[in-house]
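Scroll down for the structure; my scribbles are underneath it.
In listed order, ligands and their atoms are each counted from 1.
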Amino acid sequence: MAYEAKDFSNLLGMEGFSDTLLNNHFTLYKGYVTNTNKALELLASMLKEDKVGYEYGEVKRRLGWEFNGMRLHELYFGNLGGKAPIDKNSTLGKKMAGDFGSCEAWEKDFKSVGAMRGIGWVALYQDTTSGRLINFWINEHDVGNPAGCVPILIMDVFEHAFITDYGLKKADYIAAFFKNVDWKAVQNRMK
Ligand SMILES: [Fe+2]
């Protein structure tokens, strides 16, 4: 069963994000969906033909990159489109305060990860073993996602996510991102 690209056109018109930037980003996301399907189909046919040598290994390596590129973008677009700030008395707000000292401390940590030099993703994960919330830096889609943890809030900090509208002003993009987080969708991801 092939993966299908989800429609995030409901985000068009979002404050601080031009339609040009968003449409380009949707196109890029669709490329990951196409290539995830391509890698899976290729691997299945190679397996069938007993071609499980060097080439098989190389496509297998690419699968993690394409799949996570697809899924991280879905999580990113899926946690946008909100209008209200985080409710500190919500389950998520209280959990953040419990794990980081305060919601503000969580936000400072998350934004500081976003400000790191380099391209990648900032990801708030919940460790299902301990229940703890931890902000992670994911350098490449397929590297740095913590095992056994659930993605709660995902922010894309590859340059294509902001350079069209913000040039090199990544902090301004991060501020715009925070204005549009759908905190209810974020909280619904918690276990
Ligand atoms: Fe992206």
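- Checked against a 6.0 Å centroid threshold, the rings of H25 and Y76 count as neighbours.
- At a threshold of 4.5 Å between non-hydrogen side-chain atoms, the residues M155 and I174 count as touching.
- Checking each of Y173, F77, F162 against D156 for a side chain to side chain contact (heavy atoms under 4.5 Å, CB included) leaves exactly one that passes, namely Y173.
- Closest to the Fe ion (ligand 1) among the N, O or S atoms of H160 is NE2.
- Side-chain N/O atoms of N79 and R189 include a donor and acceptor closer than 3.5 Å.
- For the pair NE2 of H25 and NE2 of H73, the angle whose vertex sits at the Fe ion (ligand 1) is 100° to 10 degrees.
- Considering just the N/O/S atoms of D156, the one nearest the Fe ion (ligand 1) carries the name OD2.
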